[in-house]
Amino acid sequence: MSETTMLLDIRGLTVRYGTQGGEVRAVEGLDLSLARGETLGFVGETGAGKTTTALAVMRLVPEPAGRICGGEVIFEGEDLLKKSPRDMRSIRGSKISMIFQDPMTSLDPVKTVGEQIAEMIGLHESVSRREALAKAQAMLETVGIRAERSGDYPHQFSGGMKQRVVIAIALACNPALVIADEPTTALDVTIQAQVLDLMRKLKDRYRTSMILITHDLGVVAETCDKAAIMYAGNIVEYADKASLFARPSHPYTQGLFGSVPDIESDAESLNVISGLTPDPTDLPPGCPFHPRCPRAEGACSTQAPPKVEIEEGHFVRCFLHGSGGRAR
Amino acid sequence: MSEALLEVKGLKKHFETKKGMLHAIDGVDFAIREGETLGLVGESGCGKSTTGRAILRLHEPSSGQVLYRGEDVTRLSPARMKAMRRRMQIVFQDPYSSLNPRLPVAELIAEPLRVNRVYARKPEEAERVAAVMELVGLEARLIDSYPHELDGGRRQRIGIARALSVEPEFVVLDEPVSALDVCIQAQILNLMAELQRKLGLTYLFISHNLSVVKHVSDRIAVMYLGKIVELSDYKSIFVEPLHPYTQALLSAIPTTRPERRKERIILEGDVPSPIEPSPGCRFCGRCRYRRERCAAETPELREVGAGRFVACHYYDALGEKKGN
């Protein structure tokens, strides 16, 4: 695929946080790209750096504790990291918008939902207040909420409905990219199914690209085109969904698959990845996964593993796959 | 087959609210055999946690019986109830808020032993604490650590150690892994299975996550708005769910192999309010098979096959429809 069709191209992104306990290396030299209309599942455990990556794209890493130390975030051909704060403000919400995990806390409790959607429209489009409100009501209908409820406050809605409102705000200005950070984690399964179904439909209708941050491989399987598995600040495996699920190739990805009880499987005992995710202020040298890896060898503890393309578009960062390493 | 260790009969728990009576549990019946795990699943607000707590009288039941080895727990005097709690314990969901942040691990685990005056002498108590820590896989060096110094998995191990320190027979596990990352979740699930084998424990495993419940349970009860809608062994419920709600719930779970799913049912709307619920089947407003009778008459949980219970007037008609 040629460079120009990429909507988002992150190269060598490095983000660190200064803390009393030392410097936290949250994201280390991360590369990631996303084509137009594509949905990417971004998977990893707590602290892997998924949310930090998303915040870096939005230039919302909390400063001064957090710092983007290097790399490029090319969006529609321009480096977002070089934009002025003013330019970023107009990009956020209109071209890139974000859906946060918890709909209970991401809405303003003292404004009606209609006003909150209209606020986003008013910020980015030159429309009157009345027009913005009318458009807000149309957005509510789009996400499956009756327009007459636009005068209601967030507490009058259930969790699933609130998340629909958040989605309406995110999509109000028809952005090219939506970053959804665990959008259904706080919801019950039947409501999660409703919301995922809605997101899929809207994405198809508006041809929006989406980065879906999740820890649930099932959600990836059902919603995404591609998937990136993140561990300790970097992507360890990146592939087409089909290729990843047919052939998970990084030992961490394999461990992750083994440790999730799947409704379709009858395994008696879960395969456990031993140990804990490493302390981000003190990452192990070499491959950060090597202390927990069942297949670690000499080189793993000293050298950073190379990124290897094991089949077209399927990348693994591990010595097991070529460049002087062992065969699979 | 072993005898029932615990039998719950017609259990109800209603809470008074400004808007009217909230029917958190509205007549729940089930039995748990010695040594088995009964999984209790349902979505937020269905009453599953209230059921777990009402069994232990952490919420005083409004009516109904809880028979433990034939003895009605709900009628015990406070002193006898306290003694009974040594046999019935609970592990809570959130290992962040269920542990006193000002106590070190040793004190946290010793606390239930002291409350129940299990040991008269300190050395015996210390010995028991060390033994329990080993049992749940907590490293001995952590004995003086405080909860905030430990990760979620270790904190949950403390919660389990506290419950097991007094050597109970029956443990209510209330969403014990929901707050944990998947890898840690797997470690804790495996630990609980191992402890059950070693100590012959009986579990009531409460969770909203059907995949987890399937993994740990011998039998599964599905709750909806204060009532059990289906109860059966863990396999049948997945192979052939009888209640329309169970069918929808199963089809909503994201799976890593979506191509194997027969049908995806997306339920409309939300769970209705449990305050002054309308008569009839609680699920009928969202059910795609509803008929007139459903809104008028509450279906009772009845046995429809060996060990299979369902509360639906028309479950057999649904089966026929599928067969055609």
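Every chain is numbered from 1 and lettered A, B, ... according to where its sequence line falls, protein lines coming before strand lines. Everything numeric here is computed off the predicted structure, so don't read it as measured data.
Around the CD atom of B:Glu268, the shell of radius 6.0 Å holds no more than 12 heavy atoms that belong to other residues, nucleotides or ligands.
Note that CD1 of B:Ile188 is 12.0 Å distant from CG of A:Leu270, once rounded to the nearest 0.5 Å. The line from CD of A:Gln192 to CD1 of B:Ile253 is 9.5 Å long, rounded to the nearest 0.5 Å. B:Gln185 contributes atom CD, which lies 7.5 Å from atom NE2 of A:His215 (distance to the nearest 0.5 angstrom). Between the OG1 atom in A:Thr46 and the CG atom in B:Asp151 there is a gap of 11.0 Å [rounded to 0.5 Å]. Rounded to the nearest 0.5 Å, atoms CG (B:Asp181) and OG1 (A:Thr277) are 7.0 Å apart.
Across B:Ile266 and A:Ala193, no two heavy atoms sit closer than the pair CD1-O, 3.7 Å.
Of the possible polar contacts, none joining the B:Gln187 side chain to the A:Val272 backbone as a donor-acceptor pair under 3.5 Å is found. Using a distance-only test at 3.5 Å, with no hydrogens or angles considered, a donor-acceptor pair links the side chain of A:Gln194 to the main chain of B:Leu267.
Contacts between A:Ser274 and chain B at a heavy-atom distance below 4.5 Å involve the backbone alone (N, CA, C, O). Of the atoms belonging to A:Arg164, not a single heavy atom falls under 4.5 Å from chain B.
Between chain B and the options A:Asp197, A:Val260, A:Leu187, A:Thr223, the largest number of non-hydrogen pairs under 4.5 Å is found for A:Asp197.
Put simply, the side chain of B:Glu43 reaches to within 4.5 Å of the side chain of A:Thr190, judged on heavy atoms.
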Which is it for B:Cys183 and A:Leu256 under the side chain to side chain contact (heavy atoms under 4.5 Å, CB included) test, yes or no, and what are the steps along the way?
-> CA-CA 7 Å; B:Cys183 295; A:Leu256 212 52; 4.0 Å; yes
